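Bear in mind that the values here come from a model prediction, so they are computed numbers and not experimental data.
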Amino acid sequence: GAIEEDEYGPTTNGADPARNVNGGAASNNGWPHDARSEVLDLVDEVLERVLCVGVADYDAEVRHTVLRALTPRFDLHLAQTGKWELLVAALGDSTVSAREAAIGVLGRMSRHNPAHLLPALRTQLFDLLTEIQHSSLKARKEDAARLLQRLVRSAPVLIRPYTMSILQVLRPQLRESASAIATLGELSVVTGSAVGPYMPQLLPLLLPLLQDHASSFKRRTALHALSQLLRSTGYPSQYAPEGAPQPSALLLSTLLAMLG
């Protein structure tokens, strides 16, 4: 895709571009256009080679490190044909950490190339929901929920239409899975009021976790998720149905006090 502006400086499309001392056209930052084009071509070539390593290297730590190094400054390059396909391939990595990094990069890049990247991420979403719902292995469910959390955070445009489906899959996992709890919190941030009507069903599952002394990590995760839910939905004022059992006023006030 054409690059309008990036870390190498904006392009110049005016009728009378500045001239350099040799008489050649110069970009706004003083770079001759030919030189700037050569630099961008070099960046593209290096990125493609790095991506090949990031997808195919036998060392999982190398793959993870490469994918984590793909910061937003490279997104316009990465969204181009020949590069995004390599990143999509990384979604099938054998390690959760590399897949998580790939999801983060692809979700961020989907703003630049939604036609190609959103379908790939949608397939990943459905695969993760299936894994959470039907896997017989607790560890695989937890890994899938962790990856779903990253996908929710990274690709909100993709996630919003599937809020109800995601909630239906997460809700049975909340008592056991810290990653499912964390994903629910992220989902409320991304979708806001869409989660609000489900709060009367979610709170009875989450509030007891604040008193679960078997796992301090799960308690902290539940506290953070509840803070996200309350801030994002405005519950209980808008959504508590008339006559419905209200959650413990003491627990809610304690939670709000913890939030500051």
Side-chain angles (χ1 to χ4, degrees), residues 1 44 46-163 165-170 173 177-180 182-187 189-191:
D44 282 338
V46 170
L47 272 178
E48 191 160 344
R49 292 183 181 182
V50 168
L51 282 172
C52 288
V53 172
V55 172
D57 196 273
Y58 71 91
D59 189 325
E61 185 59 32
V62 170
R63 299 196 305 272
H64 180 220
T65 300
V66 168
L67 292 167
R68 286 194 61 188
L70 300 175
T71 59
R73 67 184 303 189
F74 300 118
D75 282 0
L76 289 175
H77 299 274
L78 295 170
Q80 295 173 6
T81 301
K83 300 179 184 66
W84 65 262
E85 294 93 334
L86 292 169
L87 282 168
V88 170
L91 293 176
D93 197 277
S94 59
T95 65
V96 175
S97 59
R99 290 176 66 192
E100 186 176 16
I103 287 172
V105 175
L106 287 166
R108 197 182 66 222
M109 284 168 44
S110 63
R111 294 175 299 163
H112 304 296
N113 190 352
H116 290 109
L117 297 182
L118 286 181
L121 291 172
R122 187 177 296 111
T123 299
Q124 182 74 183
L125 170 62
F126 295 157
D127 288 346
L128 293 174
L129 292 176
T130 300
E131 188 79 18
I132 294 169
Q133 194 166 22
H134 297 296
S135 177
S136 59
L137 299 176
K138 183 177 179 181
R140 294 189 64 173
K141 286 177 178 280
E142 192 73 10
D143 288 344
R146 170 182 162 185
L147 293 172
L148 179 59
Q149 180 187 3
R150 173 55 68 93
L151 183 57
V152 168
R153 184 188 306 154
S154 303
V157 172
L158 168 70
I159 293 300
R160 290 187 185 106
Y162 300 101
T163 300
S165 298
I166 296 171
L167 279 173
Q168 289 174 346
V169 171
L170 289 178
Q173 313 299 324
S177 170
S179 293
T183 302
L184 175 62
E186 293 289 344
L187 185 67
V189 172
V190 166
T191 62

What distance separates [X] [atom1] from [Y] [atom2], expressed to the nearest 0.5 Å?
X      : Y      : atom1 : atom2 : value
His116 : Glu85  : NE2   : CD    : 7.5 Å
Asp75  : His112 : CG    : NE2   : 4.5 Å
Leu187 : Leu170 : CG    : CG    : 7.0 Å
Leu86  : Glu48  : CG    : CD    : 6.5 Å
Leu151 : Leu106 : CG    : CG    : 9.5 Å
Met109 : Leu70  : CE    : CG    : 8.5 Å

Subject >> Among Arg146, Arg99, Gln133, side-chain contact (heavy atoms from CB on, under 4.5 Å) partner for Leu128 >> reply: Arg99
Grab the two heavy atoms, one from [X] and one from [Y], that are nearest each other, plus how far apart they are.
X      : Y      : answer
Ala180 : Gln173 : CB-CB, 3.8 Å
Arg160 : Val190 : NE-O, 3.1 Å
Ser154 : Ile103 : CB-O, 4.0 Å
Leu87  : Val105 : CD1-CG1, 3.9 Å
Arg63  : Asp57  : NH1-O, 2.8 Å
Ala79  : Asn113 : O-ND2, 2.9 Å

Exam field: side chain [X] to backbone [Y], donor-acceptor pair closer than 3.5 Å:
X      : Y      : value
Glu100 : Ala98  : no
Gln168 : Ser165 : no
Thr183 : Ala145 : yes

Subject >> side-chain hydrogen bond (donor to acceptor under 3.5 Å, both in side chains) partner of Ser179, chosen from Lys141, Gln149, Glu142 >> reply: Glu142
Original post:
Between Asp44 and Lys83, is a side chain to side chain contact (heavy atoms under 4.5 Å, CB included) present by the stated rule, with each step listed?
Top reply: CA-CA 9 Å; Asp44 282 338; Lys83 300 179 184 66; 3.8 Å; yes
Original post:
Got a sec: does the CZ of Arg68 have more than 12 other heavy atoms crowding it under 6.0 Å?
Top reply: no
**OP:** Not counting sequence neighbours, which residues clear salt bridge (charged side-chain N to carboxylate O under 4.0 Å, His left out) with Asp143? List them please.
**Re:** none
Subject >> Partner set under salt bridge (charged side-chain N to carboxylate O under 4.0 Å, His left out) for Arg140, not counting sequence neighbours >> reply: Glu131
**OP:** Might you work through the side chain to side chain contact (heavy atoms under 4.5 Å, CB included) test for Ser110 and Leu121, ending with a clear yes or no?
**Re:** CA-CA 9 Å; Ser110 63; Leu121 291 172; 4.2 Å; yes
Subject >> Intermediate values then yes/no, side chain to side chain contact (heavy atoms under 4.5 Å, CB included), Ile166 and Val169 >> reply: CA-CA 5 Å; Ile166 296 171; Val169 171; 5.9 Å; no
**OP:** Measure the shortest side-chain to side-chain distance between Val55 and Asp93 over non-hydrogen atoms and say whether it is less than 4.5 angstrom.
**Re:** no
